[in-house]
Student: 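Sharing a structure with you now.
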Amino acid sequence: YLGGWISGWLLLLSISVEVWSVPIDRNAAQQVPKEEVQEENMDTGLYYDRYLREVIEVLETDPHFREKLQTANTEDIKNGRLSKELDLVSHHVRTRLDELKRQEVSRLRMLLKAKLDSTNTQSLQMDHASLLKQFEHLDPHNQNTFEAKDLELLISTATKDLENYDAERHEEFKRYEMLKEHERREYLKSLDQEKREKEEKRMQELKEKHRQHPKVNAPGSVDQLREVWEETDGLDPQEFNPKTFFKLHDTNEDGVLDEQELEALFTKELEKVYDPKNEEDDMMEMEEERLRMREHVMKNVDTNKDRLVSLEEFLKSTEKKEFSNPKEWETLENKPVYTEEELLRFEAELRDKEEELKRRAETLHQEQELLRERGKALEAQRREYQQAVLEMSQRQKEQQAVDGQPPAGPNGEPQFQPQTQKPEDKEAKAPAEPEAEAQNNLPAEPPQNLPLHT
């Protein structure tokens with residue numbers, strides 16, 4: 001099935017994931033319904049991981065495509081010949097695939113927009129078709145429907161990306177180890193001679209303690225598999241049977257052992273060397289050791305290089321001389337992952353990065369000081385402006401008082417005040433009141449037409 005192929009070619013563990021081999025209880029397994037057992041959905045680490053998985057799940061629902069896939073070999077899948085069968089799948093499957101592609105295109109557009117926004121790139125007319133060309137896992141010229149070319153691009157891109165995944169993990173681990181050594185040396189430099197000697201002695205004791213572990217069986221050897229058979233599966237080591245062992249550890253029952261299922265077989269060996277409770281044991285080193293073991297088995301067992309171990313390949317490997325008499329397995333403490341020259345180059349890179357960070361920090365500090373000075377200047381200008389406005393308003397009021405004009409309001413409109421009688425006006429009117437009363441008390445003038453008496 002495509003899921004089985006993906007688990008080999010496309011399903012790789014991220015470096016932070018730990019896979020544990022669970023003891024098998026045959027009686028308990030019979031009591032648990034099969035539909036309740038769910039396979040763990042591991043992330044491939046690809047930025048289009050979700051789209052890849054959803055396309056696979058939809059394709060596996062089509063009976064015709066699933067039937068063609070059963071008879072296809074790895075080369076048919078990798079070279080794109082299987083993609084031509086997409087034209088024969090049912091209508092509802094094609095509709096669902098079209099919907100998935102439109103969702104993926106929409107997601108990529110959002111990623112592009114976020115990238116452009118973060119780089120302050122101004123684009124009034126964004127050409128999405130041109131920008132989408134940088135994504136190789138789909139056809140950017142057709143953004144609405146899922147075609148055979150889309151499936152071919154998805155498979156080829158995922159295969160290419162994940163073929164380099166192990167190498168990237170090794171390189172990442174090497175940088176981790178060099179950084180750890182660099183920090184150790186810098187820490188020792190910061191101590192005085194007495195404390196430095198004491199700390200160096202303590203570190204050496206921890207290193208020696210880590211080396212004192214039981215013998216590690218070569219991965220994939222009869223001793224290693226028989227130990228899993230006895231301690232993990234709880235079976236009699238004298239009854240070890242390779243075919244039964246294969247079926248027991250093909251946990252998803254797809255007829256092959258993928259890389260996840262293989263790495264689970266090495267847990268017992270790794271527990272001999274690494275304990276998360278011990279200060280001297282590094283769990284990052286344990287995962288690197290697990291990766292080395294899986295690569296060793298794949299190199300000796302996976303004859304067709306499809307990153308899957310079939311039952312036939314597994315049984316043939318048990319017939320080899322190396323299966324019964326393997327070479328002694330060298331753990332990481334006996335196999336340094338970097339040279340002193342590589343460490344010196346790494347430290348030079350760190351110094352360059354530190355200098356660059358210092359320059360950036362100094363530039364940011366200068367920009368911050370410049371902004372602070374500009375803020376002060378703007379604040380001074382604001383205060384000067386406010387003072388000028390107050391002085392102008394005061395002069396306007398004084399001028400209006402001289403001209404007899406009403407004072408202006410806050411928006412320049414005239415403000416009329418009710419007039420109050422001045423005290424001097426009251427005093428001027430006070431003497432005039434008796435005179436007015438006297439005039440009111442004078443007799444009226446006689447009528448002019450009355451006759452005169454002698």
Side-chain angles (χ1 to χ4, degrees), residues 1-14 41-62 64-89 93-94 96-109 111-112 128-171 254 256 258-260 295 298 302-310:
Y1 292 90
L2 187 55
W5 174 77
I6 287 297
S7 61
W9 273 96
L10 304 182
L11 183 56
L12 294 180
L13 301 176
S14 62
N41 191 18
M42 307 300 291
D43 193 341
T44 63
L46 301 174
Y47 68 90
Y48 50 91
D49 174 81
R50 180 174 178 178
Y51 173 65
L52 172 65
R53 292 181 182 280
E54 289 178 342
V55 168
I56 294 169
E57 290 173 1
V58 171
L59 286 173
E60 287 188 329
T61 62
D62 185 81
H64 171 77
F65 194 88
R66 188 168 60 248
E67 181 182 354
K68 289 293 182 181
L69 192 58
Q70 289 176 352
T71 58
N73 56 37
T74 305
E75 288 302 317
D76 291 336
I77 298 174
K78 289 168 60 179
N79 60 26
R81 283 196 290 269
L82 186 66
S83 304
K84 299 177 182 179
E85 300 295 331
L86 187 67
D87 295 332
L88 302 177
V89 301
V93 170
R94 291 299 296 268
R96 178 58 182 149
L97 291 173
D98 293 345
E99 182 182 350
L100 289 176
K101 183 176 181 180
R102 287 192 292 268
Q103 292 175 358
E104 178 69 0
V105 170
S106 177
R107 185 184 71 88
L108 296 177
R109 286 175 176 171
L111 290 176
L112 289 171
H128 288 99
S130 298
L131 293 173
L132 286 172
K133 289 180 180 179
Q134 61 187 292
F135 301 109
E136 300 178 350
H137 63 287
L138 50 72
D139 181 10
H141 301 290
N142 176 17
Q143 302 179 18
N144 297 313
T145 58
F146 189 97
E147 305 296 339
K149 186 176 182 180
D150 289 293
L151 181 58
E152 181 180 351
L153 288 172
L154 182 60
I155 293 175
S156 62
T157 304
T159 302
K160 179 185 67 176
D161 290 344
L162 289 171
E163 278 178 342
N164 301 323
Y165 194 70
D166 286 348
E168 292 175 359
R169 283 181 61 181
H170 286 309
E171 185 63 28
D254 60 355
V256 293
D258 57 40
E259 294 176 348
Q260 176 185 349
E295 288 178 330
M298 281 294 189
D302 181 22
T303 55
N304 63 357
K305 307 302 177 186
D306 63 352
R307 302 176 80 101
L308 297 170
V309 176
S310 65

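All values reported here derive from a predicted model rather than from experimental measurement.
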Student: Please enumerate all residues that pass salt bridge (Lys or Arg N to Asp or Glu O under 4.0 Å) together with K101, with sequence neighbours excluded.
Tutor: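 Here the qualifying residues are D150.
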
Student: Just verifying a value: how many Å separate D302 CG and N304 CG, rounded to the nearest 0.5 Å?
Tutor: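 Reported value, rounded in 0.5 Å steps: 5.0 Å.
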
Student: Could you give the distance from CG (D161) to CG (D49), rounded to the nearest 0.5 Å?
Tutor: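 Rounded to the nearest 0.5 Å, the CG-CG separation comes out at 11.5 Å.
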
Student: Between M298 and R307, which heavy-atom pair has the shortest distance, and what is it?
Tutor: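 The pair with the smallest heavy-atom distance is CE-O, 3.2 Å.
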
Student: Taking all atoms of both residues into account, what is the closest heavy-atom pair of D139 and K149, and its distance?
Tutor: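 Scanning both residues completely, I find the closest heavy atoms to be OD2-CD, 3.9 Å.
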
Student: What is the distance from atom CG of D62 to atom NZ of K68, rounded to the nearest 0.5 Å?
Tutor: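 Nearest 0.5 Å value for the CG-NZ distance: 12.0 Å.
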
Student: For E67, which residues count as a side chain to side chain contact (heavy atoms under 4.5 Å, CB included) partner, sequence neighbours excluded?
Tutor: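 Counting only residues at least two positions away or on another chain, E67 forms no side chain to side chain contact (heavy atoms under 4.5 Å, CB included).
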
Student: Give me the atom names and distance for the closest heavy-atom approach of L86 to A148.
Tutor: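 So the minimum-distance heavy-atom pair works out to CD2-N, 3.5 Å.
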
Student: Examine distances only and state if a side-chain atom of S156 and a backbone atom of L153 form a donor-acceptor pair shorter than 3.5 Å.
Tutor: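 Yes; judged by distance alone, with no hydrogens or angles, the pair exists.
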
Student: Can you name the nearest heavy-atom pair linking V256 to S310, along with the distance?
Tutor: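 What the structure gives for the nearest pair is CG1-CA, 4.1 Å.
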
Student: To the nearest 0.5 Å, what is the distance between CG (L308) and CD (E259)?
Tutor: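 It comes to 7.5 Å.
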
Student: So do L108 and L138 actually touch side chain to side chain, heavy atoms under 4.5 Å?
Tutor: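 Touching, per the 4.5 Å side-chain cut-off.
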
Student: Taking only residues two or more places apart in sequence or in another chain, which ones pass side chain to side chain contact (heavy atoms under 4.5 Å, CB included) with R107?
Tutor: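 R107: side chain to side chain contact (heavy atoms under 4.5 Å, CB included) contacts with Y47, Y48, E104, L111.
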
Student: Only counting residues at least two apart or in another chain, list the ones meeting salt bridge (Lys or Arg N to Asp or Glu O under 4.0 Å) with R94.
Tutor: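 R94 satisfies salt bridge (Lys or Arg N to Asp or Glu O under 4.0 Å) with D87, E147 only.
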
Student: Output all residues satisfying side-chain hydrogen bond (donor to acceptor under 3.5 Å, both in side chains) with H170, sequence neighbours left out; order by chain, then residue number.
Tutor: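 Listed in chain order: E288, E295.
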
Student: L100: what forms a side chain to side chain contact (heavy atoms under 4.5 Å, CB included) with it, not counting sequence neighbours?
Tutor: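 So L100 forms a side chain to side chain contact (heavy atoms under 4.5 Å, CB included) with Y51, E54, V55, V58, R96, L97, Q103.
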
Student: Under 3.5 Å, is there a donor-acceptor pair between the side chain of D98 and the main chain of F146?
Tutor: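 Pair found, side chain donor or acceptor close to backbone of F146.
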
Student: How long is the straight-line distance from CD1 of I155 back to CG of L52, given to the nearest 0.5 Å?
Tutor: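 So the gap between those two atoms works out to 9.0 Å.
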
